[in-house]
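Here is the structure we will look at, set down as structure tokens.
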Amino acid sequence: MKKTIALCLFCCTPAVILAGPATLQANQLLGTSENAGQCLDLSLGSEDFGGINENSWRQWLGSSSLAFATNPQMLAQETTDDGRRSLRQKLVPSSKGSSRVMARASLQPASTYQLKQSIYLEDGFDWGGKHEGGKLGFGLSGGSSPTGGHQRTDGFSTRFMWRGNGDGSAHIAVYTYSADRTNQAYGTDLPLKGFSVPVGEWFELTLEVKVNSATDRADGSVRAWANGDLYLEENDILWQSSGGDPSVQHLMFSTFYGGSDSSWSPDETTYIRFADICWAPVVDTEEF
């Protein structure tokens, strides 16, 4: 049996847990004792919409260097009534769904990373027009980090999406750009089957990406948890088939009602909050 050194990022107490398919606890991320994980630092106070800029992102990210940030004015930094520090995003209907709020930062490269975040869809949130879909929160990528329909095999990206079910409910999917994806025009949905997205309450998503060991080997994987329960596990993925050695290299933020026209747009302005955003490389130790 393999073991993995784990770090409880919120309580800063090292622990050891068994690295099985459903062992991740709601308050834990896997990492190593030598290379602790990092959290987005939202302890620096409050800022209303219009006051957030690229420097804000640099302060939140600390040692992780910012590559770019788009439409940061759509973000606010607030503390909720229960003391939770959060980013609050305003999603205003537009001709292409809503404004794209995105950012990307460099991470220390590693073959496997885990990322955790808490998300709150505020009351009145709707899934958006006839397509009922949008990008959601933080993700991981490597190499050229393809998005937006770019057909690149020298990199990959993984992000969360919400997808409406057409009956007033919605599910979460991991939206992937991998070298072997079947839909070469855009990304591929990997649904978290059985998890219904709540509105008006916090829920937690955790993503784990393990890259393929070489560009000619389809041995990568992705796992995703919601509120500590495993809902997705996909193996034998060829994340990257050209370029340099595959590795997770970037933290991404990508949240918007997404599409090419207003049929993706919500009926009115909606709001999402993000909190407790942490990430860490994962290293398996020898069998014991």
Side-chain angles (χ1 to χ4, degrees), residues 29-32 35 37-38 40 54 57-58 60-71 100-117 135-161 173-190 205-224 232-256 258 277-284:
L29 270 174
L30 303 184
T32 72
N35 190 351
Q38 183 180 345
L40 205 71
E54 288 192 355
W57 273 105
R58 292 188 181 95
W60 299 335
L61 289 163
S63 61
S64 299
S65 59
L66 180 71
F68 66 84
T70 61
N71 292 316
R100 270 68 169 156
V101 180
M102 300 184 292
R104 194 177 79 197
S106 298
L107 301 176
Q108 177 181 336
S111 62
T112 308
Y113 258 88
Q114 286 193 353
L115 164 68
K116 188 178 77 166
Q117 58 195 306
K135 308 301 189 299
L136 182 64
F138 291 81
L140 299 166
S141 68
S144 60
S145 299
T147 61
H150 292 161
Q151 299 182 31
R152 304 285 300 264
T153 62
D154 58 347
F156 65 92
S157 65
T158 57
R159 295 172 287 173
F160 285 109
M161 287 194 69
V174 177
Y175 187 64
T176 65
Y177 277 70
S178 63
D180 61 352
R181 69 188 188 273
T182 55
N183 178 6
Q184 288 294 318
Y186 292 98
T188 297
D189 275 20
L190 300 176
L205 295 177
T206 303
L207 174 69
E208 179 190 270
V209 175
K210 179 181 179 182
V211 298
N212 47 306
S213 58
T215 53
D216 60 351
R217 295 182 182 177
D219 57 359
S221 64
V222 61
R223 299 196 290 178
L232 170 68
E233 183 169 15
E234 292 283 337
N235 299 300
D236 304 322
I237 299 174
L238 185 66
W239 288 113
Q240 187 174 328
S241 62
S242 66
D245 293 336
S247 63
V248 180
Q249 298 171 320
H250 305 121
L251 175 73
M252 306 175 70
F253 179 77
S254 186
T255 305
F256 52 87
I277 305 115
C278 299
W279 56 94
V282 178
V283 177
D284 285 337

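- Of the possible polar contacts, none joining the Ser141 side chain to the Gly155 backbone as a donor-acceptor pair under 3.5 Å is found.
- The shortest distance between side-chain heavy atoms of Leu207 and Val209 falls below 4.5 Å.
- Residues satisfying the side chain to side chain contact (heavy atoms under 4.5 Å, CB included) test with Asp236, not counting sequence neighbours, are none.
- Across Arg217 and Asn212, no two heavy atoms sit closer than the pair O-CB, 2.9 Å.
- The ring pair (Phe, Tyr, Trp, His ring centres under 6.0 Å) search around Trp60 returns Trp57, not counting sequence neighbours.
- The two residues Pro146 and Ser157 come nearest to each other via the heavy atoms O-OG, 2.7 Å.
- In this structure, the side chains of Tyr113 and His250 stay at 4.5 Å or more apart for every pair of heavy atoms.
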Check: Would Thr147 and Arg159 count as a side chain to side chain contact (heavy atoms under 4.5 Å, CB included) if you check the C-alpha gap in whole Å, the side-chain angles of each, and the deciding distance to 0.1 Å?
Finding: CA-CA 10 Å; Thr147 61; Arg159 295 172 287 173; 3.7 Å; yes
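- The number of heavy-atom neighbours closer than 6.0 Å to CG of Asp245, taken from other residues, nucleotides and ligands shown, is 12 or below.
- Remark: side-chain polar atoms of Glu234 are not paired, donor with acceptor, to backbone N or O of Leu190 under 3.5 angstrom.
- Inter-residue side-chain proximity for Gln240 and Val211 is flagged as unmet; no heavy-atom pair is nearer than 4.5 Å.
- Within the 4.5 Å cutoff, no side-chain heavy atoms of Thr176 are placed close to those of Ile237.
- Thr70 places a side-chain N or O within donor-acceptor distance of the main-chain N or O of Met102, the cut-off being under 3.5 Å.
- Gln38 places a side-chain N or O within 3.5 Å of a backbone atom of Leu61 that can act as its donor or acceptor partner.
- The line from CZ of Phe138 to CZ of Arg104 is 14.5 Å long, rounded to the nearest 0.5 Å.
- Using a distance-only test at 3.5 Å, with no hydrogens or angles considered, a donor-acceptor pair links the side chain of Asn71 to the main chain of Arg100.
- Considering all non-hydrogen atoms of both residues, Gln249 and Gly143 come closest at OE1-N, 2.6 Å.
- Atom CG of Asp180 sits about 8.5 Å away from atom OG1 of Thr188, to the nearest 0.5 Å.
- Counting only heavy atoms from C-beta outward, the side chains of Ile277 and Leu115 approach each other to under 4.5 Å.
- Judged by distance alone, the side chain of Asp154 and the main-chain N or O of Ser144 form no donor-acceptor pair under 3.5 Å.
- Counting only heavy atoms from C-beta outward, the side chains of Phe156 and Leu140 never approach each other to under 4.5 Å.
- The two residues Ala103 and Leu66 come nearest to each other via the heavy atoms CB-CD1, 4.3 Å.
- The backbone N or O of Lys116 lies less than 3.5 Å from no partner atom in the side chain of Thr206, so there is not a single donor-acceptor pair.
- With sequence neighbours left out, Tyr175 forms a ring pair (Phe, Tyr, Trp, His ring centres under 6.0 Å) with Tyr177.
- Of all the heavy atoms in Leu107 and Ser64, the pair that sits closest is CD2-OG, 3.8 Å.
- If you take CZ on Arg223 and NZ on Lys210, they are separated by 9.5 Å, rounding to the nearest 0.5 Å.
- In this structure, Ser178 and Leu238 have side chains that are not in contact, with every pair of non-hydrogen atoms separated by 4.5 Å or more.
- The minimum heavy-atom distance linking Asp219 with Ser213 is given by the pair OD2-OG, 2.6 Å.
- For the pair Trp279 (side chain) and Leu40 (backbone), a donor-acceptor distance under 3.5 Å is absent.
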